[in-house]
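Structure record follows, encoded as structure tokens.
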Amino acid sequence: MNRFEKELEVFAKSKHQGHDEMMKSFEKWGSDLEEIISKIENVNSSFFKQISGKMGEAERWFAKKEKQFDGFFRNFP
């Protein structure tokens, strides 16, 4: 092999190695992101389970306040 071929081979290996490192980093980022999204979904699910029973109560409270404000503003000319 002449010097040019050796240099070309070294260059090609270097580019391939850089590509492999980038792909490994990308795959790790993807798996880390999936893990974070899964944790967020679990937290959201837990939160909604906690408040789902209280939503009716909250809706009644807001309806009551809406009626109170409606009556309050109706008294003003």
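Quantities reported herein were computed from a predicted structural model and do not represent experimental measurements.
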Quick check: is Phe26 connected to Ile37 through a chain of hydrophobic side chains (ILVMFWY, heavy atoms under 4.5 Å apart)?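 Ile37 clusters together with Phe26.
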Can Met55 be reached from Phe47 by stepping across I, L, V, M, F, W or Y side chains whose heavy atoms are under 4.5 Å apart?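 Yes, same cluster.
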For the side-chain contact (heavy atoms from CB on, under 4.5 Å) test, which of Arg60, Lys67, Gln68 pairs with Lys64? Gln68
Using atom types as modelled and distance alone, determine if a side-chain donor or acceptor of Glu57 lies under 3.5 Å from a backbone N or O of Lys54.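 Judged by distance alone, no pair lies under 3.5 Å.
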Hey, is the main chain of Glu41 close enough, under 3.5 Å, to the side chain of Ser45 for a donor-acceptor pair? no
Less than 4.0 angstrom from a charged side-chain N to a carboxylate O is my criterion; do Asp20 and Lys24 meet it? no
Heavy-atom side-chain contact between Glu35 and Ser31 under 4.5 Å: no
Working to the nearest 0.5 Å, report the span between NZ of Lys39 and CD of Glu34. 13.0 Å
